[in-house]
Every structure is written in structure tokens, then in C-alpha cells.
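Single-structure report; data block below.
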Number of protein chains: 2
Amino acid sequence: MLEAKVTSQDVARLAGVSQSAVSRVFTPGASASKATIAKVRAAAEQLGYRPNPLARAMITGKSRIIGLVVAYLDNQFYPAALERLSNALQDKGYHILVFTAANSQDGIERVINDLMDYQVDGIITASVAMSSDLTARCAGAGIPVVLFNRGQPGAGLSSVTSANVEGGRKVARFLVGAGHSQIAHIAGWQGALTGRDRQRGFVEGLADLGVEACGLIDGMYDRDTAAAAARVLLDGAAPPTAIFVGNDHMAFAVIDQARAMGRVVGRDVAIVGYDDVPLAAWGAYDLTTVRQPLNRMVEATVETLLAQIADPARASQQIEIDGPLVVRTSARGEI
Amino acid sequence: MLEAKVTSQDVARLAGVSQSAVSRVFTPGASASKATIAKVRAAAEQLGYRPNPLARAMITGKSRIIGLVVAYLDNQFYPAALERLSNALQDKGYHILVFTAANSQDGIERVINDLMDYQVDGIITASVAMSSDLTARCAGAGIPVVLFNRGQPGAGLSSVTSANVEGGRKVARFLVGAGHSQIAHIAGWQGALTGRDRQRGFVEGLADLGVEACGLIDGMYDRDTAAAAARVLLDGAAPPTAIFVGNDHMAFAVIDQARAMGRVVGRDVAIVGYDDVPLAAWGAYDLTTVRQPLNRMVEATVETLLAQIADPARASQQIEIDGPLVVRTSARGEI
DNA sequence: CTGAAAGCGCTTACAG
DNA sequence: CTGAAAGCGCTTACAG
């Protein structure tokens, strides 16, 4: 019942050539005569032969597998990124070993160990940070790493993010321009550069216009935490008329919370997110937000990673991609 | 700069034993004396040795890699499933090669080829169907397959789904019990057993109570298609007072559409979904829906797959897991 | 261009 | 329990 697996030996026998000849026909860049190629291809076709990538990986040290480490899959931004990353890499002949890591150094450590065992050719981490000794280990093993949607100050790793500081500034200008002066920020998490940058741009942008944020709380990228922060802000003596939230995922929770407190979002309180995930455009939220240009971020990530795989000596690069503010009804251009 | 990779040879040399001895210490079930084990472990520790899984895979034919084929990652149900599946399998020492496939036979065919090349020990397909010849090829290659949230009539494959027929019945009883008589259904897709089963249970359930659906349209698991269907239904001469939608993802679009037409959901029109994804519980939708017990479905999937890997002769099994109707404000118990 | 041979890092009979 | 040896399916110098 089980098909015996067919090897290059079988093909060689049928084609009347050596096993090395078969290997050369299937090795890009190796030389073989037209006649040999024809005979081998015919035999391979007939037998249904396909080279064993595991054997190939063992000998070349190139597995054509990319490790993808993701967390926060409940934030719609990451499944969307995973899907596009996976498609783009598949098109380049790579395969994706996915790891869902709790965002703890411990979990990530285990994952990186596994990735190194499988001799992945490169690693993409989405949304998780890496400690510096993990970084060092990957570098030591010669495995290129690209951080997706996270920066790592001073680690010398490549990263692809949106222009977070400028994004924060855009929101500040927009809200002040709309006439708000009581403006609060529910940030991501101070431990993540992404969140810090958005906050910094936002606070600086406000300052440039002579405004100071009336509230600043970490939402930890978590719905419950963000909702609790919103409750505190809106319950205050002088509640904000506008809230900038560190990402869309939390902004949805903030909107739910505001509505539960009887506020009409977009009228009583303006709410702005960051990401522009698909859900932001759905009728129930219609969220004003800064778009992270996912397709371009994915392209840049794949390009950077493959370039580093091709040339390990290549310098790492930090890429920032600018995205527009998308205005919807959760925060209009005027009060 | 690059750490030379350390092999079992290196460990053997340092420990003063043969290379085979090292291998045995790291092979579960192989026999080695306490003394040998101690020496080898110490040497391995010192050198930072970890067995090369690729080499091991080539010789044993077991890669400890599971292929996971997913589509529809914009439907929140699947990222959630992916995350849990990945965690559960990681705990069992397996790794997940993820493929995002367009739901076409062509795309799936390519993916299956790749999976077979990588000698995956098993395949889980979430949300995609497989043609019968693909099924035959996997069987021929001795690779166990489990369908997650999809059935495949007559293919002899294992599958794990919720009790879809019964789920459809529950919705019928609920809506009729609430006093509705003008009831429509926006189904999934007739090409998918899951969708057909939900529809069948629903229609039969209505019939048992002497009610006939006033509208039946396929939503193709697509937001736009589902919204268009809702518009047609609600624009009709005798619009339904209740709509059962084939999954939550489409139900959100139906709610958005109904609201855009000025209807108050839960009062003017009752809407029921299927899945109970996290978003269903969020304030903006608060969707009444049939829960698919994700954790139990994942457990059953992993268990079935590993059992079939351990014993390839094992008969396939179709597992159905019952889930409750969760009542929220989009459709209450009474009109 | 091509074949014989070595070797990638392991596991597993085979003898002791 | 243990070592020497064969072999998993390939790629790649090495000679022709």
C-alpha cells in the first residue's frame, strides 16, 4: 500500500547515468549536458522523483526553512501579517516553521533553541522582543534575524516597523487641529520600543502645539487593561475629549468601554487607534487610525531577510515605513 | 565568530565513549549504563550539544514536523485555532510547518507536495477540503490527516468538528421559541460539509416546529457576499425578523449591514452566528451564537493525529463535539 | 560534462 | 551494556 520512496539512485538506474548526474540535474547551477538532463528528467517524471530536502539541508546547511515567532494572535494585525509573510516566503521557495510564543524570555529562549536545532536559515519575530544574549546566540550561529513591528535599541538587529514617532505626531496634530485640548493617551507598553515611539511622537507633537496630555496610562496591549484605563480616564473630574490608543486592538476595547458608560464615540469622545486592521473599517467601530502599511512592511521584511541570508556579512538595517492617518467616524476632523 | 556546530562525535571524544553511545543516551528507549549516561550528559552540557533533528529525521523517517494548512485567517476562529494547535503540538515535541493556502485544489495540491517532501509526520487541514486524489496520495504515503472544522464525506479521513447539525437545530428551536416566524438563513457554502450540516439541522429544526425558512442564501464565508445577502433579505417585501448566519465572521457583516439600514439589531431583527469567536463577546456586536468548543476540538485533533502517527493501521474517526448556544443581545430569548 | 568516492550527523542491527 | 560498521539520501570536491 505504501509507495516506496524513490531516490536519486532509482532515477539514476532508470536513466542509465550515475547518481551524481541525477543530483546535478536537480541542483541549480550545476552543469549537465542537455542529453543527460533530458534522460534524467524523463526518468524522474516517470518515477515521481523529488529530491529529499532534508538530505539536501543536512549537506548544504541550508534548510530553506524560516522560523516565524509570533505572539498576540488575537490582535488581528498579526494573523494578517502571518498570512502575507507566509505567502511571500512560499513564493521564494521557503517554508515557514511557526512558533507561537508567550511573550516571555523563557518561552522565546526555548523557541530559539528549537529553531537553531532545525537549522532554520533565518528568523522573523513578530511582536516579540529578544534579550541581548539570545540575539548574540543567533548572531554567533550565523542566523539572520529580522524583527517585525518591534525595534530593539542597540541590538544591531534588522527591524521593520512603521514610522511610529511620526505616526504619533500625526495623531497629535490631528486631534489638536480638530479643537481638542483635553487629550489622553493609552499607550502600549513601555517595554516595547514600538509603543514608546508612538507615545514619544504623540507627546512631542502635542508639546509643539502647546498642549500637554491630560492622562497617560499603559494598556499593556491587553483589552482588559486598556478598558480599565479608559474607565479611569472617563470617570475622572475632567475627562478627556479625545483618547489616542496605542493600537487598534486596545482601541476597540476602549470604544466598547466608552459606549458602556453611555458615551457616543466620535461625539462625546474621540478615539484614535494605530494599525488599521481590517476590523477598524467595519461598521461597528469605524475607527480613525494610523495605518501600518502591511504589504510594504512584509515586502521589506522578506527582502531584508533574504538579503542577509545570501550575504551574512551584510549590515543589519532598521527600516521604517510611513503610513497615513485614516479618518473615520470615531474621531472626525472637527469637534 | 561562527560557533562550529558540535556533533555527537565531539561529545563522544570528550566523554571517552563511542559515538553510538552518545546517540543512545539521546535516543529515548535505547539502553545505556548509568555511568555512560552521566559521562555523556556532562560532555554534552559542556559542549552545548543538541542532536541534529534533520539527521535524525532522515534516518528514522520521522521528522516530528506536523503540516498545518490554514485558510481564512481573517476569520478570527482560525488564528485562535492555530495558536492553540501550535501550543498543544509544541508541548508534545512536534513542530508546525504552516501553510497558508488559498482554498483552491491547485494551491492545496502544491502545499501537499511540499509537505510530503518535508516528510511531515502528519497533516492538519483547517477550513480547507481536499480532493479525493490528494487524500489517496497522503494515504499512499502513509501520512495521517486530520480535518479540522471540515468534514469530507466518504473520504475515510479523520475529522474533528462541532456538532453542526445539532447546532443548527438549537438555533431553530431558540428562534421559534422566541416567537419568530419570519426566519432566514445566510449559509456558509454548499461546497463545505460544515455549512451544509448547519443548514440542514436548522431547516429540519424549523420543520419540526412547523416553520419554513423565508430565505436561504449562501454567504460564501465572505463578508461582502453575506452583507449583500442581508441587504436583499432586509429590503424585501416581508423582511425576516430573524437571521441565522453560518458563522460569526459573516454575522458581523450582517449586523453592520442591518445597522447601516437603520435597523436596531436585537430589536428590529435578531441575528445569530456560529463559532463564538472572541469578537462575538465584545460590546460592539454582543452576538448570540453557537459555541464551537475550541479547546476540546484542539485536544481531540492532536490526540487523533498522534494516535494515527503511532499506529498507522488505526481506523480514522469522525469526532463531533457539542457546543452550547450562547445568548447575548443580538438575539434575545423573546421578541 | 561525468563517475567514483567521501561525507553531512545521525540510528540501528550486529557482534561481542 | 557497548563499539565498529553500515546506511539514510543527498552534494561536492576530485579526477578524468
Side-chain angles (χ1 to χ4, degrees), chain A residues 2-41 43-44 47-65 93 116-121 141-142, chain B residues 2-41 43-44 47-65 93 116-121 141-142:
Chain A
L2 273 107
E3 301 165 4
K5 69 181 76 174
V6 11
T7 72
S8 56
Q9 281 290 6
D10 302 325
V11 177
R13 206 149 27 221
L14 180 61
V17 298
S18 73
Q19 182 268 330
S20 351
V22 175
S23 175
R24 289 196 186 93
V25 171
F26 285 94
T27 303
S31 60
S33 68
K34 291 215 162 194
T36 303
I37 293 180
K39 278 189 295 188
V40 168
R41 289 233 176 268
L47 262 32
Y49 169 75
R50 320 190 79 208
N52 181 330
L54 260 40
R56 181 176 274 175
M58 211 171 65
I59 209 159
T60 62
K62 300 275 148 214
S63 61
R64 297 198 77 82
I65 294 180
M116 305 228 298
D117 286 351
Y118 270 89
Q119 296 176 232
V120 296
D121 292 342
Chain B
L2 273 109
E3 299 165 5
K5 66 182 79 174
V6 13
T7 71
S8 55
Q9 281 290 6
D10 303 325
V11 177
R13 205 148 27 221
L14 180 61
V17 299
S18 71
Q19 181 271 331
S20 351
V22 176
S23 175
R24 288 198 185 91
V25 170
F26 285 95
T27 304
S31 59
S33 68
K34 290 213 164 197
T36 303
I37 293 179
K39 279 187 295 184
V40 168
R41 289 230 175 272
L47 262 32
Y49 170 75
R50 317 192 78 208
N52 181 331
L54 261 37
R56 181 177 274 175
M58 212 173 61
I59 208 160
T60 61
K62 299 277 148 215
S63 61
R64 297 197 78 84
I65 293 179
M116 305 228 297
D117 285 352
Y118 272 88
Q119 296 175 233
V120 296
D121 293 342

Open item on the list: Let's see if you can work this out: which of D:dC1, D:dC10, C:dG3 has an atom nearest to the side-chain heavy atoms of B:Thr36?
Closed with: D:dC1

Side-chain donor-acceptor contacts of residues 21-35 of chain A below 3.5 Å, not counting sequence neighbours, with atom names and distances?
| residue | atom | partner | partner atom | Å |
| --- | --- | --- | --- | --- |
| A:Thr27 | OG1 | A:Ser23 | O | 2.7 |
| A:Ser33 | OG | A:Thr36 | N | 3.2 |
| A:Ser33 | OG | A:Thr36 | OG1 | 2.8 |

Take atom [atom1] in [N] and the same atom in [M], then report the distance between them in whole Å.
| N | M | atom1 | answer |
| --- | --- | --- | --- |
| D:dG9 | D:dA13 | P | 23 Å |
| C:dG16 | C:dT12 | C1' | 16 Å |
| C:dC14 | C:dC10 | P | 24 Å |

Minimum-distance pair of heavy atoms, taken over all atoms of [X] and [Y]:
| X | Y | value |
| --- | --- | --- |
| B:Tyr118 | A:Ile65 | CE2-CD1, 3.7 Å |
| B:Met58 | A:Leu54 | SD-C, 4.4 Å |
| B:Gln119 | A:Asn52 | OE1-ND2, 2.7 Å |
| A:Ala15 | A:Ala43 | CB-CB, 3.8 Å |

Atom pair distance, as rounded to whole Å: [atom1] in [X] and [atom2] in [N]:
| X | N | atom1 | atom2 | value |
| --- | --- | --- | --- | --- |
| B:Arg24 | D:dG3 | CZ | C1' | 8 Å |
| B:Lys5 | C:dG7 | NZ | P | 17 Å |
| A:Arg13 | C:dG3 | CZ | C1' | 16 Å |
| B:Arg50 | C:dC10 | CZ | P | 12 Å |
| B:Asp10 | C:dC8 | CG | P | 11 Å |
| A:Gln119 | C:dG9 | CD | C1' | 9 Å |
| B:Gln9 | C:dT11 | CD | C1' | 13 Å |
| B:Gln19 | D:dA6 | CD | P | 14 Å |

- [ ] Hey, could you give me each pair passing salt bridge (Lys or Arg N to Asp or Glu O under 4.0 Å) that has a residue in residues 47-60 of chain B? Not counting sequence neighbours.
- [x] A:Asp117-B:Arg50

- [ ] For DNA chain C, produce a single dot-bracket line, 5' to 3'. Pairs: Watson-Crick or G-U wobble, both distances under 3.5 Å. Symbols: ( ) within strand, [ ] crossing, | other strand, . unpaired.
- [x] |||.||||||||.|||

Open item on the list: With a 4.0 Å cutoff (strictly under), does any side-chain N or O of A:Thr7 reach OP1 or OP2 of D:dG9?
Closed with: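 No, because none of the side-chain N or O atoms of A:Thr7 sits under 4.0 Å from OP1 or OP2 of D:dG9.
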
Open item on the list: Does a side-chain N or O of A:Ser23 approach OP1 or OP2 of D:dC10 to a distance below 4.0 Å, or not?
Closed with: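 So the side chain of A:Ser23 is outside the cut-off, no N or O lying under 4.0 Å from OP1 or OP2 of D:dC10.
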
Open item on the list: Can you pull out the residues from residues 25-33 of chain B that lie within a 4.0 Å heavy-atom distance of DNA chain C?
Closed with: B:Thr27

Task: Any residue of residues 53-64 of chain A with a heavy atom less than 4.0 Å from an atom of DNA chain C - done: A:Met58, A:Ile59

TODO: Select from A:Ser8 and B:Val17 the residue whose nearest nucleotide in DNA chain D is closer to the 5' end of that strand.
DONE: B:Val17

TODO: Not counting sequence neighbours, which residues clear side chain to side chain donor-acceptor pair (under 3.5 Å) with B:Arg13? List them please.
DONE: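 Only B:Asp10 meet the side chain to side chain donor-acceptor pair (under 3.5 Å) criterion with B:Arg13.
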
TODO: Answer whether the closest heavy-atom distance between the side chains of A:Val11 and A:Val6 falls below 4.5 Å.
DONE: yes

Task: Distance (rounded to the nearest 0.5 Å) between B:Thr7 OG1 and B:Gln19 CD - done: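 Spacing of OG1 (B:Thr7) from CD (B:Gln19) equals 7.5 Å.
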
